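Written below as structure tokens is the structure these notes are about.
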Amino acid sequence: MSILVQDVSKVYQSGEVQILALRKASLEVPDHKVVAILGPSGSGKSTLLNVIGGIDRYDLGSITVAGETLEALKDSQLTEFRRKHAGFIFQQYNLIPTLTVEENVEVGRELSQNPLDMKEMLMKVGMWDKKDKFPSQLSGGEQQRVAIARALIKNPEFLLCDEPTGALDEETGKKILKLLQFVNKTYGTTVLIITHNQGIGEMAHKVIRMSSGEIVEAYENENPIAPE
Ligand code: ADP
Ligand code: ADP
């Protein structure tokens, strides 16, 4: 069920210009780990996350996730793969404004074959007492916790987080990182996180650094600690 990325390249065509967003990127992620993806803006972090999660296609190389070789899948199969195995968290929480907390999380549940329990999920992210509130009535940190519950309730093997703390103040950002670490420990969910937050390196089992579409550094932490 691990993630294996082998020599993956991706080109974006932008008018006349070709942008090499990934250059022969290779990466292995064992199950049940937290991986931090660091690197400057434009270095290919989101592209890497998107090809692993089946949001985007790539041009060369091979990716195997949860036993599926992604370049071999048709579009409909890739959509099915994504629904079944991957949960996504973004900087903007993408909650539906006309639905309550519980109804937003229900959206994630309906897409799943073996969803987790609603109450358990909302308790775990600390939002059970606000289940009838609407997104506009919540702080940023609270909205992100709802988004995490929505991604998690379908019990995915992988949680792919693209700057989940990017719109939050530092203190709240740390709480969200702690929650993601807690999710990894409690459910064994593999968590890939793109973030600029200080302390991310220490909380991850594995850290990779990207530059100009390449993975230029990768190292492992034996004893990840909670963000301070
Ligand atoms: P990061 O997440 O590290 O900021 P991205 O993966 O978003 O980097 O982008 C990598 C490179 O690909 C950048 O040069 C970016 O401008 C380019 N890029 C990303 N998405 C597109 C797109 N849809 N069309 C054209 N170029 C893109
Ligand atoms: P914000 O800063 O966005 O309002 P916080 O993350 O500071 O949100 O949390 C608001 C309240 O919820 C605090 O009292 C905090 O202790 C509590 N809280 C935060 N995370 C959790 C969690 N995972 N489980 C239970 N309660 C939490």
Side-chain angles (χ1 to χ4, degrees), residues 32-37 45-46 49-50 53 55 82-112 114-205 224-228:
H32 317 305
K33 300 293 184 196
V34 176
V35 181
I37 304 174
K45 303 182 299 297
S46 297
L49 214 62
N50 292 347
I55 288 184
R82 190 166 61 228
R83 288 210 172 142
K84 197 163 158 195
H85 298 290
F88 291 91
I89 309 285
F90 301 99
Q91 179 170 335
Q92 299 309 329
Y93 324 109
N94 298 344
L95 300 176
I96 299 170
T98 53
L99 300 182
T100 64
V101 165
E102 187 172 15
E103 288 163 350
N104 265 287
V105 176
E106 186 63 29
V107 172
R109 228 167 85 88
E110 280 165 5
L111 294 172
S112 172
N114 58 337
L116 300 172
D117 180 67
M118 174 67 73
K119 183 170 181 186
E120 177 195 334
M121 200 69 260
L122 286 177
M123 298 276 279
K124 286 273 194 295
V125 301
M127 291 301 290
W128 176 247
D129 57 342
K130 298 197 171 165
K131 67 182 171 55
D132 297 320
K133 301 269 187 208
F134 289 91
S136 62
Q137 299 173 297
L138 305 176
S139 70
E142 289 171 336
Q143 290 186 62
Q144 193 58 299
R145 282 192 264 141
V146 177
I148 290 170
R150 180 184 55 190
L152 209 60
I153 198 163
K154 66 177 181 175
N155 204 6
E157 282 112 313
F158 307 98
L159 207 51
L160 303 172
C161 312
D162 195 340
E163 306 246 18
T165 64
L168 303 173
D169 63 73
E170 196 178 327
E171 204 51 42
T172 310
K174 280 176 191 162
K175 285 182 187 163
I176 291 297
L177 292 180
K178 279 187 190 172
L179 176 59
L180 291 171
Q181 195 175 42
F182 169 80
V183 161
N184 163 261
K185 280 200 190 129
T186 307
Y187 297 105
T189 318
T190 301
V191 180
L192 273 62
I193 313 175
I194 297 174
T195 177
H196 292 115
N197 205 288
Q198 295 289 338
I200 182 74
E202 288 82 50
M203 74 168 269
H205 298 101
I225 53 168
E228 253 327 300

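Keep in mind it's a predicted model, so treat the numbers as computed, not measured.
- Here the closest non-hydrogen pair linking M203 and Q181 is O-NE2, 3.4 Å.
- Taken from CG in L49 to CZ in F158, the straight-line distance is 12.0 Å, to the nearest 0.5 Å.
- If you run side-chain contact (heavy atoms from CB on, under 4.5 Å) between Y187 and each of N184, V191, T189, only T189 comes through.
- Closest non-hydrogen pair, A151 versus L159, comes out as CB-CD1, 3.7 Å.
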The test is salt bridge (Lys or Arg N to Asp or Glu O under 4.0 Å); show your working for E170 and K174 and say whether it passes.
CA-CA 6 Å; E170 196 178 327; K174 280 176 191 162; 3.4 Å; yes
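- Remark: K133 NZ is loosely packed, at most 12 non-hydrogen atoms of other residues, nucleotides or ligands lying under 6.0 Å away.
- For the pair V146/V125, no side-chain contact is recorded, criterion being any heavy-atom separation below 4.5 Å from C-beta on.
- Here the CD-NE2 distance, from E157 to H32, works out to 9.0 Å after rounding to the nearest 0.5 Å.
- When atom types are taken as modelled, the side chain of R145 and the backbone of G126 share a donor-acceptor pair closer than 3.5 angstrom.
- Minimum heavy-atom separation, K130 to V101: O-CG2, 3.3 Å.
- K45 places no side-chain N or O within 3.5 Å of a backbone atom of I193 that could act as its donor or acceptor partner.
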Working note: E102 + D132, criterion side chain to side chain contact (heavy atoms under 4.5 Å, CB included); need CA distance, chi angles, decisive distance, verdict.
CA-CA 6 Å; E102 187 172 15; D132 297 320; 4.2 Å; yes
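- For N104 (side chain) and L99 (main-chain N/O), a donor-acceptor pair under 3.5 Å exists by modelled atom type.
- Taking all atoms of both residues into account, the shortest heavy-atom contact from Q143 to L95 is O-CD1, 3.6 Å.
- Here the CD1 atom belonging to I153 is positioned 6.5 Å from the CG atom belonging to L122, to the nearest 0.5 angstrom.
- Applying side-chain contact (heavy atoms from CB on, under 4.5 Å) to H205 and the options T190, V34, V35 leaves one that passes, V34.
- Using a 4.5 Å heavy-atom threshold, the side chains of M127 and L138 count as touching.
- Of the inter-residue distances, the one linking K131 atom NZ with D129 atom CG reads 10.0 Å to the nearest 0.5 angstrom.
- The two residues L168 and G141 make their nearest non-hydrogen contact at CD2-N, 3.5 Å.
- The side-chain contact (heavy atoms from CB on, under 4.5 Å) test with S46 is passed by exactly one of I37, I55, L160, I194: I194.
- Nearest heavy-atom pair across Q144 and F90 is NE2-O, 2.9 Å.
- The CD atom of E110 sits 10.0 Å away from the CD atom of E103 when rounded to the nearest 0.5 Å.
- Here K84 contributes atom NZ and N114 contributes atom CG; the two are 9.0 Å apart, rounded to the nearest 0.5 Å.
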